[in-house]
Amino acid sequence: MRLRTMIAALAASAVLPITGAQATDLEVTHWWTSGGEAAAVAEFAKAFDNDGAGDHWVDGAIAGSGGVARPIMISRITGGDPMGATQFNHGRQAEELVQAGLMRDLTDLADKEGWRDAIGDPKLLDSCTLDGKVYCVPVNIHSWQWLWLNRHVYEDNGLAVPTNWEEFVSTAPALREKGIIPLAMGNQPWQSSGAFNVMAIALTGVDNFLAVNRDKDAEVAAGPAYARLFKAAADARDLRQGSNVQDWNQATSMVITGKAAGQIMGDWAQGEFAVAGKVAGVDYDCLPGLGTNPIVSTDGDAFYFPKLDDPDKSAAQLRLASVMFSKEAQVAFNLKKGSMPIRTDVDLAQANACMKKGIALLKEGKIAPSTNQLLSPDTSGQIEDLMTEFWSSDSMSAEDAQKRYAEIIANAD
Amino acid sequence: MAQYPRPVQLFRNLNAKIAAIPMIVTAVVIFAGGTIWTVVYSFTNSKLLPRVKWVGLDQYERLWSTSRWLISIENLMIYGVCSLIFSLVIGFMLAALLDQKIRFENTFRSIFLFPFALSFIVTGLVWQWILNPDFGVQSVIRELGWESFSFDPLYNPNIVIYGILIAGLWQGTGLIMCLMLAGLRGIDEDVWKAARVDGIPVWKTYLFIIIPMMRPVFITTLVIIASGIVRVYDLVVAQTSGGPGIASEVPAKYVYDKMFLGQNLAQGFAGSTMMLLSVLIVLIPWAYLEFGGKKRV
């Protein structure tokens with residue numbers, strides 16, 4: 001990964017001199033570099049280049065992942081070399097940059113174009129809002145809350161395909177006997193931490209999840225509901241024994257090839273199933289909220305616009321924000337990206353079965369905020385450290401892990 | 001000569017001193033200034049951006065109650081002690097063997113020094129493959145017929161740090177060998193002849209005559225090895241990314257992760273201050289012995 005940091009840093013520094021050639025060139029940094037992601041972001045670029053005002057999208061892709069790209073973006077903004085626009089995840093990642101007055105206020109544009117009405121649930125705009133002002137354009141919704149299952153693994157072994165987490169757990173011993181790993185999970189910290197949060201919403205309910213993550217109630221985190229959750233996580237830890245891969249897509253590929261039965265992963269995983277030519281409902285199944293508590297979480301990406309001195313570029317920033325929020329660009333972008341559009345007033349007829357499940361839940365308002373929106377990066381990092389330790393060793397008991405988790409929550413900001 | 005007054009020390013080699021001023025200023029402002037700034041801000045609650053809001057020793061309390069930091073320190077200790085001992089011993093042995101006026105000395109020297117030309121990232125990736133149980137040493141030996149053979153240090157939390165140590169030694173020992181070889185070549189041939197005349201066995205000559213004479217070389221080597229130990233980071237990142245779990249974390253990685261990924265500058269600063277402190281704890285007594293001792297002579 002860190003090798004990529006260097007490449008990314010080099011790439012980023014090589015991109016710098018390109019900016020400023022024309023008044024309406026706007027450099028946009030993001031970390032969408034995989035095939036599908038790049039195709040999706042090209043839709044934004046196309047829409048922006050054709051907006052009739054002579055604008056030009058200068059692509060500042062930073063290879064790696066968010067963890068690699070964000071430090072580069074932040075150091076450019078704080079170092080006085082801001083780009084025209086930059087990607088962050090919804091939530092608190094850019095909170096301090098906004099507080100420091102480095103980001104542009106988009107409230108007027110949002111009011112003029114009626115963003116709050118176009119977005120199905122106004123809560124989605126809250127993650128872009130600080131002190132009543134809008135600072136970013138949310139472009140998509142990615143939900144973490146999915147359990148992906150290989151149907152053939154169950155059918156071939158004479159088992160019913162589980163429809164919820166409890167059934168999934170109860171079929172696990174039978175799969176083990178056949179030499180199939182019940183739960184695939186990569187070893188990267190964000191994966192175990194993410195899976196834990198998914199289990200938290202599915203198994204303890206949204207109220208408990210919010211009490212812990214939003215209200216930072218350490219008593220709930222130390223209480224009986226979370227005790228059951230940690231017990232379940234310890235069981236899941238046994239189910240994942242044998243999946244010694246690093247990256248999430250390697251874990252997904254274990255499910256696709258039938259080496260493993262299921263994986264807890266966000267909706268970006270269905271891109272892998274699609275590439276492998278699998279069909280939802282026939283080859284694989286997706287259970288939102290682990291099937292136990294159907295829900296989608298509102299992770300996702302947003303674009304922020306750093307304050308610039310150049311008036312031409314500042315005007316172009318508003319045009320870009322407007323393009324990104326437009327119906328056409330939302331449809332084109334999200335179909336390629338495999339994510340759900342931020343607006344509920346667009347039609348995604350081409351979406352596949354799993355995505356339609358998600359959109360239906362979104363329209364019903366069965367949504368939960370993501371941990372990115374609720375926890376500071378610092379707290380998320382501490383939880384990731386704890387989860388990595390917990391999921392990778394049998395020596396840490398559920399009780400110990402819960403105690404330390406409650407401590408982190410008690411000290412969270 | 002003695003009747004001339006002693007020149008004022010300050011103005012001796014004046015040109016050289018003037019030429020050195022820019023470097024001195026840079027060193028003081030960048031190194032000392034940056035260090036002081038870091039230490040000062042480790043007492044604040046700076047998050048993404050530095051801000052002056054004092055929180056006393058909170059950052060340090062959190063640091064020392066974090067199991068990841070404690071594991072990092074433990075790993076650094078194990079890596080440090082082993083790396084120091086093995087680098088010196090293996091480096092010196094190789095140098096002593098090469099010094100036996102063997103044939104193809106240049107070839108051997110190049111082979112041993114070659115790993116040093118690779119960066120830690122490349123070294124780490126190479127050894128990640130070599131130590132991978134499915135492709136590397138373990139599978140090769142199993143294919144030779146020893147089915148139960150098991151050697152997968154990078155996947156065993158208890159010994160993962162030794163897997164990293166192997167890669168570190170492979171990369172660094174060549175340089176140590178070259179330094180030692182240069183030291184050995186600096187020893188006068190007559191010393192050897194004298195020892196032979198006195199009938200002292202070769203190993204005793206090395207241990208009690210040659211090694212004490214090579215003291216300056218050993219000190220240089222020590223500094224090079226020690227600085228390599230404290231900043232070990234890329235090797236771990238390339239080989240294990242700190243895994244399995246957090247079993248191979250090191251302090252430098254903790255500092256980087258907290259500062260840039262966790263958006264918690266002050267916590268990272270507290271970590272780097274502790275690293276600086278540990279270097280000083282080693283360095284100050286050594287400097288005292290080394291330079292304080294000379295004045296008495």
Side-chain angles (χ1 to χ4, degrees), chain A residues 1-7 65-75 77-78 92-102 186-190 192 244-247 375-396 400-401 404 407-408 411 413, chain B residues 45-51 55 58-59 61-62 65-72 119-122 124-125 128 132-134 152 154-158 160 233-249 252-254 256-268:
Chain A
M1 283 301 276
R2 243 30 121 213
L3 177 66
R4 291 200 187 143
T5 316
M6 294 179 168
I7 296 168
S65 64
V68 174
R70 279 194 295 276
I72 299 171
M73 293 168 176
I74 290 169
S75 66
I77 295 169
T78 55
R92 299 183 63 177
Q93 287 169 352
E95 187 180 80
E96 272 200 68
L97 294 173
V98 172
Q99 282 168 348
L102 293 164
N187 286 327
Q188 289 167 340
W190 64 271
S192 43
N244 285 327
V245 291
Q246 282 292 326
D247 295 327
L375 300 173
S376 68
D378 183 32
T379 309
S380 303
Q382 283 177 284
I383 293 174
E384 276 183 14
D385 287 347
L386 172 65
M387 287 300 153
T388 319
E389 206 180 338
F390 175 67
W391 284 87
S392 65
S393 80
D394 294 331
S395 55
M396 188 191 274
D400 287 348
R404 281 176 52 189
E407 272 171 30
I408 294 172
N411 294 321
D413 52 3
Chain B
N45 70 347
S46 304
K47 292 288 182 189
L48 175 62
L49 304 169
R51 63 178 170 208
V55 293
D58 282 7
Q59 299 291 354
E61 276 172 28
R62 178 173 148 191
S65 60
T66 306
S67 67
R68 181 173 156 188
W69 174 257
L70 299 175
I71 289 173
S72 301
S119 71
F120 267 134
I121 293 284
V122 177
L125 287 175
Q128 189 196 30
N132 185 311
D134 297 327
D152 56 345
L154 297 188
Y155 292 85
N156 181 343
N158 299 321
V160 62
Y233 168 81
D234 22 15
L235 194 58
V236 177
V237 168
Q239 257 187 297
T240 64
S241 322
I246 54 172
S248 61
E249 293 286 350
K253 187 162 176 293
Y254 182 89
Y256 176 87
D257 285 356
K258 288 297 157 196
M259 278 168 74
F260 298 109
L261 298 183
Q263 298 189 359
N264 191 341
L265 281 180
Q267 181 67 21

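Reckoned from all heavy atoms, side chains included, excluding hydrogens, waters and symmetry mates. Chain letters run A, B, ... following the sequence lines, proteins first and then strands; every chain starts at 1.
- With a 4.5 angstrom heavy-atom cutoff, A:Thr78 touches chain B only via side-chain atoms.
- For a residue to count as touching a neighbouring chain, one of its non-hydrogen atoms must lie under 4.5 Å from one of that chain's; by this rule A:Asp378 touches chain B with backbone and side chain alike.
- With a 4.5 Å cut-off on non-hydrogen atoms, A:Glu384 does not touch chain B at all.
- Considering only heavy-atom pairs separated by less than 4.5 Å from chain B, the leading option among A:Gln93, A:Gln99, A:Arg70 is A:Gln93.
- Put simply, the side chain of B:Gln267 never gets that close to the backbone of B:Lys258: no donor and acceptor are under 3.5 Å apart.
- Looking only at atom types and distance, the side chain of A:Thr388 has no donor-acceptor partner in the side chain of B:Arg68 under 3.5 Å away.
- Neither the backbone nor the side chain of A:Leu386 comes within contact range of chain B; no heavy atom of the residue lies under 4.5 Å from a heavy atom of that chain.
- Atom CD of B:Gln263 and atom CD of A:Glu95 lie 9.0 Å apart (nearest 0.5 Å).
- Partners of B:Glu61 under the side-chain contact (heavy atoms from CB on, under 4.5 Å) rule, at least two apart in sequence or in another chain, are B:Asp58.
- No side-chain heavy atom of A:Pro377 sits less than 4.5 Å from a side-chain heavy atom of B:Leu261.
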